[in-house]
Amino acid sequence: MTANLVLTVIADDKPGIVETLSSTIADQGGNWLESRMAQLAGKFAGILRVSVPSEQANTLMESLLKLDSQGILVRIEATTDSAEGNGQPLNIHVVGNDRSGIVKEISRALAGLGVNVLELTTKCTAAEMSAVPLFRSELLVSVPASLSTDDISDALEALSDDLMVEIGD
């Protein structure tokens, strides 16, 4: 039997963090399945999913928690491989003038429609002509079958006159 773990990781950014994590996981018989990791403001942050034989799960978790002594903070959650849900996957791209609360507005509008956010990437960049800060977001969402892409687009575009929404498969 296999145990599945989701890890969140944060540390001061420096070379060797991924190597330390991957060695710890492999040394305990774990398998690195998927991850998202990035350097943000001098910190290394990531999430990853690993599988490990059930009889080695506790040893792996103990080893990962001991990485705290090396400045690598790990939080571990046991999970199951359940389905993503019954919704249809959909990609959404949003661009607009940056402002405080924009992620809250977008996520509230989507949640109000019953749309589940599966992946979210955001960044702020300078507009080409004016250097005004632009908010850019890419979302992978799960949409109820009863909801149209026009419903989603209308709800998001109603948040602000400057918000541009592009929806694709």
Side-chain angles (χ1 to χ4, degrees), residues 4-22 25 32-51 64 67 71-77 79-169:
N4 291 289
L5 307 173
V6 173
L7 316 177
T8 57
V9 178
I10 192 160
D12 289 333
D13 190 38
K14 63 182 178 185
I17 296 170
V18 173
E19 190 279 327
T20 299
L21 284 168
S22 62
I25 292 165
W32 186 301
L33 299 173
E34 62 183 316
S35 62
R36 307 287 189 284
M37 299 184 166
Q39 187 269 353
L40 299 168
K43 296 288 184 180
F44 174 85
I47 55 172
L48 63 141
R49 183 172 66 102
V50 301
S51 65
L64 289 166
L67 295 177
I72 303 172
L73 303 176
V74 180
R75 178 168 175 164
I76 306 162
E77 293 289 330
T79 186
T80 59
D81 280 335
S82 62
E84 298 280 337
N86 296 330
Q88 300 296 318
L90 188 68
N91 289 303
I92 303 174
H93 305 278
V94 179
V95 177
N97 291 329
D98 186 41
R99 63 184 179 280
S100 179
I102 193 167
V103 173
K104 174 184 163 187
E105 295 169 14
I106 292 169
S107 60
R108 180 177 285 162
L110 292 173
L113 294 170
V115 173
N116 186 28
V117 176
L118 303 175
E119 293 183 23
L120 170 66
T121 303
T122 64
K123 65 181 176 178
C124 290
T125 60
E128 292 181 23
M129 301 298 280
S130 65
V132 170
L134 285 181
F135 170 82
R136 297 180 184 274
S137 179
E138 293 187 27
L139 299 101
L140 174 62
V141 299
S142 178
V143 179
S146 62
L147 195 63
S148 76
T149 56
D150 286 341
D151 293 334
I152 297 168
S153 184
D154 291 347
L156 293 175
E157 289 174 348
L159 297 174
S160 173
D161 290 338
D162 72 331
L163 214 57
M164 295 179 288
V165 177
E166 180 181 317
I167 296 179
D169 296 339

Main-chain N/O of Thr149 paired with Ser153 side-chain donor or acceptor, under 3.5 Å:
no

If every non-hydrogen atom of Gly96 is compared with every non-hydrogen atom of Leu163, which pair is closest and at what distance?
CA-CD1, 3.9 Å

If I compare all heavy atoms of Phe135 with all of Ile106, which pair ends up nearest, and what's the gap?
CE2-CD1, 3.7 Å

What's the spacing between Ser160 OG and Glu105 CD if we round to 0.5 Å?
7.5 Å

Expected output: side-chain Asp98 to main-chain Pro133 donor-acceptor under 3.5 Å:
no

More than 12 heavy atoms of other groups within 6.0 Å of Glu34 CD:
yes

Compare all side-chain heavy atoms of Lys43 with those of Asp12 and state whether any distance is below 4.5 angstrom.
yes

So how far is it from Leu33 CG to Arg49 CZ, rounded to the nearest 0.5 Å?
4.5 Å

Step-by-step side-chain contact (heavy atoms from CB on, under 4.5 Å) determination, Leu5 to Thr79
CA-CA 6 Å; Leu5 307 173; Thr79 186; over 6 Å; no

What closest approach, in Å, do Gly71 and Ala11 show between heavy atoms, and which atom pair accounts for it?
O-CB, 3.3 Å

Is it the case that more than 12 heavy atoms not belonging to Arg99 sit under 6.0 Å from its CZ atom?
yes

List the steps, then state whether side-chain contact (heavy atoms from CB on, under 4.5 Å) holds for Ile167 with Leu156.
CA-CA 11 Å; Ile167 296 179; Leu156 293 175; 5.6 Å; no

I need the Glu166 CD to Glu138 CD distance, nearest 0.5 Å.
9.5 Å

Can you tell me how far apart CG (Leu159) and CG (Asp154) are? Round to the nearest 0.5 Å.
11.0 Å

Minimum heavy-atom distance between Ala109 and Ala155, given as atom pair plus value
CB-O, 4.4 Å

Value rounded to 0.5 Å, distance of CD in Glu157 from CD1 in Ile152:
11.5 Å

Close side-chain approach of Leu67 and Val9, heavy atoms under 4.5 Å
no

Nearest heavy-atom neighbours spanning Val115 and Leu147
CG2-CD2, 3.5 Å

Can you tell if the side chain of Ile25 reaches within under 4.5 Å of the side chain of Leu7, non-hydrogen atoms only?
yes

side-chain contact (heavy atoms from CB on, under 4.5 Å), that's the test. Do Ile72 and Phe44 meet it? Break it down for me.
CA-CA 9 Å; Ile72 303 172; Phe44 174 85; over 6 Å; no

Rounded to the nearest 0.5 Å, the CG atom of Leu48 sits from the OG1 atom of Thr8 at a distance of 9.0 Å

Identify the heavy atoms of Leu64 and Val74 that sit nearest to each other, and give their distance.
O-CG2, 3.8 Å

